[in-house]
Q: 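Encoded as structure tokens, here's the structure I'll be asking about.
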Amino acid sequence: MRLPLLRLGLSSLLLSVLMPVQAAPGWAQFGELKYPAGFAHFDYVDPQAPKGGEIALVPPTRASQFDKFNPFTLKGSAPPGLNALLLETLLTGSLDEPNTGYGLLADDVSVAADGLSATFRLNPKARFHNGEPVLAADVKHSFDSLTGPQAAPQFRSYFADVRRATVLGERLLRFDFARASAELPLIAGSLPVFSRQWGLVGGQRQPLDRIVVEPPIGSGPYRVEGRGFGRDVSYRRDPNWWAADLNVRRGMYNFDRITYRLYQDSTAQLEAFKAGEFDYIQAFIAREWAKAYQGRAFERGLLVKEELAHGNAGDFQGFLFNSRLAKFSDPRVREAIGLALDFEWMNRQLFFNAYTRVRGYFVASDFEARGLPGADELALLAPWRSRLPAAVFEQPVPLPPVTSLDPDSGRMLRDHLRRARELLAQAGWTYRDGALRNARGEPFTIEFIDNSGALGRVFTPLAKNLEKLGISARHKVVDFALLQKRLDSFDFELISSRIVGSEAPGAELLERFGSRAAAIEGSANLMGVRDPVVDALIERAVAARRRPELVAALRALDRVLRHGHYAVPHWYGSVHRIAWRAGRFERPRQLPRYYQPEAWVLSTWWASPANRVGR
């Protein structure tokens with residue numbers, strides 16, 4: 001396309017061997033790309049959006065401080081927004097279709113006919129913030145660094161099936177894959193690319209895990225403004241950003257300045273928002289949304305709140321057990337504890353009936369298991385019959401218990417607790433001497449850790465119900481940095497976690513549920529799932545060439561995980577709840593189908609005329 005033919009001095013015959021087939025400006029895992037070659041811009045942006053102004057917000061995470069600018073190492077906490085704003089990737093997705101990637105740093109991707117490699121050609125206009133061109137050697141350096149021993153282990157897990165990156169020319173490189181998978185070109189294309197100059201001191205390269213105070217030299221729309229650590233971080237838009245007029249970036253990243261403000265808890269966040277310390281916030285707590293997002297500022301129209309529809313798959317959220325621990329190693333114990341959570345009472349008393357119960361790991365999507373396994377699932381599960389409970393084949397997929405107020409329903413809380421006692425007794429835990437004890441006489445205790453006291457009102461009713469079983473449960477609030485350290489080292493018993501729903505689950509499942517990841521510090525397999533059946537089903541999902549194959553594999557995976565009772569499911573909402581300062585922003589008319597509010601706001605909104613003049 002825009003790049004002249006390779007300057008390798010090779011014969012045309014050798015070039016034909018090196019260059020795979022199916023060259024295109026993007027890649028779709030299943031079916032066709034929505035946008036044709038040469039499209040002008042994504043449908044959900046305004047290509048005429050003006051640049052300027054600023055926005056201040058809080059991250060939708062637990063982060064309360066940061067102590068490094070390197071987002072790729074295990075130790076420490078990097079500031080929110082850094083990856084998305086500083087670093088570009090070879091391909092980028094769109095917010096109105098899943099399983100696709102369009103050229104960003106690469107203007108062409110070619111996938112071999114056997115599916116075992118993908119070749120990317122870099123856009124000659126691509127530039128790092130230091131003015132240097134983005135070259136194949138930089139991409140290889142980024143890949144080698146992130147899959148090396150000094151990077152956080154989850155990167156090696158995520159890129160595990162990408163064997164190597166080979167430079168073929170100044171702006172041409174090939175990724176070789178361990179297997180043929182239609183998803184692997186998208187995984188390779190999602191590699192965050194940084195300059196080889198990052199980490200050089202006096203011409204000597206520092207080890208990746210020794211780079212702390214210097215932000216990555218990226219090619220994204222923003223640069224870090226300032227170098228101080230703490231609870232605020234600002235990003236300044238690069239006026240010479242090379243991709244501003246690229247079709248996949250036209251009309252996007254319009255604010256001159258983006259600032260994240262970090263607070264210790266959600267209460268402090270909300271009060272600071274009302275006081276005018278920042279401009280935008282997303283609400284996650286139904287009670288706060290109903291009771292606290294009101295007052296004079298809202299009544300006078302100074303603050304605006306809105307519930308936005310979306311087409312996302314439902315988020316998975318729940319209390320996660322650390323199944324590595326002996327007391328949580330038996331699925332009957334985990335199931336019993338789940339029977340003590342009375343969601344219906346919580347929804348009435350705490351959530352204003354705003355939520356729906358999470359049923360599984362792919363809730364409200366095509367991938368959610370339902371009823372008995374169908375023929376497509378059985379074909380995947382049957383070879384593992386000896387390793388699976390008979391219930392997987394004979395009973396409908398487990399649903400969270402529903403509590404009724406009808407004493408004749410058999411579904412009152414006391415009925416669930418009676419069943420929980422039976423399960424605990426089967427697992428060797430019986431009530432004696434004032435507590436639930438195992439054969440060695442050790443009492444059953446649970447420590448739930450979190451960095452926010454706000455979850456206390458959710459955990460307390462569960463803890464009271466567990467007391468009726470003889471289990472002593474306590475909620476311990478710790479600093480975010482300590483919480484992250486304990487999660488990275490799997491030093492916890494019970495935690496609360498949220499996984500954003502996806503219309504295209506794939507290789508990240510290896511990191512989340514794979515046996516190998518269970519032993520890797522810093523991995524997302526917090527529950528400690530170690531199951532060859534789970535591993536095999538993930539492999540089938542990752543290798544799927546057609547969407548029906550992916551659906552069958554993920555439904556079977558959901559079924560097996562739910563029979564394992566690794567978590568106590570929470571709840572999810574069907575809308576995004578956001579609030580912002582009135583008069584400061586404008587936004588495109590069309591909402592994308594699949595989006596998270598923070599990314600949508602930062603990438604497609606723009607400052608009002610008054611905002612562009614200044615506060």
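Since we're looking at a predicted model, the values are computed, not measured.
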Q: Aromatic rings Phe444 and Trp429: how do their planes relate, parallel, tilted or perpendicular, breaks at 30° and 60°?
A: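 Because their plane-to-plane angle lies in the 30° to 60° range, the rings of Phe444 and Trp429 count as tilted.
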Q: Looking at Tyr566, is Arg334 sitting on its ring face, NZ or CZ under 6.0 Å from the six-membered ring centre and within 45 degrees of the normal?
A: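 Judged by the rule, Arg334 and Tyr566 form a cation-pi pair.
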Q: Salt-bridge test for Arg593 and Glu503: reply yes if a basic N is under 4.0 Å from a carboxylate O, no otherwise.
A: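 Salt bridge flag = no for Glu503 with Arg593.
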Q: Flag the pair Arg359 and Glu368 as a salt bridge only when some basic side-chain nitrogen lies within less than 4.0 angstrom of an acidic carboxylate oxygen.
A: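 Looking at Glu368 together with Arg359, the answer is yes, because their closest N to O distance falls below 4.0 Å.
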Q: Is the terminal nitrogen or CZ of Arg385 (NZ for Lys, CZ for Arg) located under 6.0 angstrom from the six-membered ring centre of Phe393 and within 45° of that ring's axis?
A: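 Output yes; distance and angle both within limits.
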Q: Going by an N to O cut-off under 4.0 Å, is there a salt bridge joining Arg419 and Glu422?
A: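 Yes, Arg419 and Glu422 are salt-bridged.
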Q: Quick one, Pro373 and Leu380 - any side-chain contact, counting heavy atoms below 4.5 Å?
A: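 Heavy-atom side-chain distance check fails, nothing below 4.5 Å.
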Q: Please work out whether the ring planes of Tyr595 and His576 are parallel, tilted or perpendicular, with thresholds of 30° and 60°.
A: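 Rings of Tyr595 and His576: perpendicular, over 60°.
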Q: Just to verify, what does Glu549 make a salt bridge (charged side-chain N to carboxylate O under 4.0 Å, His left out) with, not counting sequence neighbours?
A: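 Listed in chain order: Arg546.
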Q: Under a 3.5 Å cutoff, is there a donor and acceptor pairing between the side chains of Arg432 and Thr430?
A: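 Yes - a donor-acceptor pair under 3.5 Å links their side chains.
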Q: Does either side chain, that of Thr403 or that of Asp342, offer a donor lying less than 3.5 Å from an acceptor on the other one?
A: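 On atom types as modelled, these side chains qualify, holding a pair under 3.5 Å.
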Q: Answer yes when Arg418 and Asp415 have at least one side-chain N-carboxylate O distance shorter than 4.0 Å, and no when they do not.
A: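 Yes, Arg418 and Asp415 are salt-bridged.
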Q: Pair Phe278, Tyr263 - check ring pair (Phe, Tyr, Trp, His ring centres under 6.0 Å), show working.
A: CA-CA 11 Å; Phe278 59 92; Tyr263 298 88; 5.8 Å; yes
Q: Is Glu447 paired with Arg486 through a side-chain N to carboxylate O contact shorter than 4.0 Å?
A: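 Salt bridge between Arg486 and Glu447, a charged N being under 4.0 Å from a carboxylate O: yes.
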Q: Does Arg555 have any salt bridge (charged side-chain N to carboxylate O under 4.0 Å, His left out) partners at least two apart in sequence or in another chain, and if so, which?
A: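 Result, salt bridge (charged side-chain N to carboxylate O under 4.0 Å, His left out) vs Arg555: none returned.
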